[in-house]
Amino acid sequence: MDFTQINNELGNLFGVTLFDPQQFISLVIRFIINLIVVSVIARKFYFPHSRRRDYTFIFILMAMSIFLLVSLMEGGGMQLGAAMGLFAIFGIMRFRTEAVPIREMTYLFMLIALSVINALAHADYHPKALYWDGVGIVTILFVNIVFVIMAWIFENSKVMSQECSKIILYDNVNLIAPDKREELKADLEKRTGLKIKRLEIGLLDYLKDSAMIRIFYEDPEDVGNSIARFGRMPKEI
């Protein structure tokens, strides 16, 4: 008894088959490609700037979960939209209680999009017309390489600006006046040790003699700083 007969018997009895070599090999190839590309983007481009192991782990795990979910649901009875909606519910349950930075959300969206593309990118054979219709390995590799190149471009200091910013609670409103802007900048550079390119003045509190100032500077090592965005001490870090 060959695989075809075994699959037919199991399908008739239990509604499942034992093994589909074509489907399995296709899934494994796309899984390996997706895992490699997702890991490279998360580990080689995102992590060196942010040093956030928690987000790196989340990116890889969620991307691969999306890939397997879409790959297995795409051929089943559940519609793709329903499957994605189901996964979105679990994602919202986790991320709704935490202010996820826009950089991390961008990476998460990119990796999820990449995983969905890899999950749906496969070819189907039409026996009556004797031709294959779908996406080949060359196209899959091209799309994945494009994602890697985009991540490299936007993380490369020679291509994109490495401007960073910090919010500072400043204690001398006497230097806030426009004609003392250079003195203010010099004082902030002395205190922070940073070469400030520009600054923005926000909330003023003359009762406490303080002001909220946002400074902008360039530091490739500080790009992706996840705590610099807080204007006050967060409840949880």
Side-chain angles (χ1 to χ4, degrees), residues 38 40-63 88 91-113 147-237:
V38 167
V40 167
I41 293 176
R43 187 64 182 85
K44 297 298 182 181
F45 297 121
Y46 169 77
F47 180 75
H49 292 292
S50 64
R51 297 294 174 181
R52 293 293 301 269
R53 295 184 181 276
D54 51 350
Y55 279 120
T56 303
F57 169 78
I58 290 173
F59 291 158
I60 297 175
L61 187 60
M62 183 170 288
I92 292 173
M93 290 174 60
R94 171 62 183 90
F95 288 106
R96 69 181 178 85
T97 57
E98 182 176 341
V100 181
I102 187 64
R103 181 171 179 268
E104 277 70 13
M105 286 300 298
T106 302
Y107 266 100
L108 180 60
F109 178 80
M110 180 179 67
L111 294 177
I112 288 177
F147 273 88
V148 173
I149 291 175
M150 287 192 299
W152 175 80
I153 288 176
F154 290 107
E155 290 290 2
N156 193 337
S157 59
K158 296 181 180 179
V159 178
M160 300 296 295
S161 173
Q162 298 295 302
E163 187 176 75
C164 308
S165 67
K166 289 184 185 296
I167 297 176
I168 297 176
L169 186 61
Y170 190 62
D171 61 354
N172 187 3
V173 295
N174 294 326
L175 297 180
I176 299 299
D179 58 337
K180 296 184 179 181
R181 193 56 50 86
E182 291 301 321
E183 295 181 44
L184 173 62
K185 182 179 177 181
D187 185 43
L188 288 170
E189 288 182 344
K190 181 180 179 181
R191 295 191 186 194
T192 61
L194 300 171
K195 183 64 178 179
I196 299 175
K197 297 179 62 179
R198 58 190 177 93
L199 55 87
E200 296 175 352
I201 299 174
L203 181 66
L204 298 176
D205 190 338
Y206 288 101
L207 295 178
K208 297 181 179 180
D209 194 28
S210 62
M212 191 75 71
I213 299 177
R214 187 175 187 179
I215 62 172
F216 296 86
Y217 59 98
E218 283 196 0
D219 185 359
E221 298 298 326
D222 203 26
V223 174
N225 191 335
S226 61
I227 201 172
R229 60 190 171 86
F230 290 107
R232 60 182 180 178
M233 186 63 70
K235 296 180 179 180
E236 295 182 2
I237 298 180

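No more than 12 heavy atoms of other residues, nucleotides or ligands shown are found within 6.0 angstrom of CZ on F57.
When all heavy atoms of Y170 and I213 are compared, the closest pair comes out as CB-CD1, 3.6 Å. Closest approach of I196 to Y217, counting heavy atoms only: CA-CB, 4.4 Å. Residues V38 and I60 come closest through the heavy atom pair CG1-CA, 3.9 Å. Nearest heavy atoms, I176 versus R181: O-NH2, 3.4 Å. Of all non-hydrogen atoms in K197 and K185, the two that sit nearest each other are O-NZ, 3.9 Å. Closest heavy-atom contact between E189 and L194: CG-O, 3.1 Å.
Within the model, atoms CZ of R53 and CZ of R43 stand 6.0 Å from one another, a figure rounded to the nearest 0.5 Å. Here CG of L169 is found 8.5 Å from CG of D205. Values are rounded to the nearest 0.5 Å. For the atom pair OH of Y107 and CD1 of I112, the computed distance is 15.0 Å after rounding to the nearest 0.5 Å. Distance OH/Y55 to OH/Y46: 6.5 Å, rounded to 0.5 Å. Rounding to the nearest 0.5 Å places CD of E104 at 9.0 Å from OG1 of T56.
The closest donor-acceptor contact from the side chain of E200 to the backbone of R214 lies at 3.5 Å or more, if one exists at all.
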Notebook entry, point to check: Does the pair T192 and I168 meet the rule for a side-chain contact (heavy atoms from CB on, under 4.5 Å), with working shown?
Noted result: CA-CA 10 Å; T192 61; I168 297 176; 3.8 Å; yes
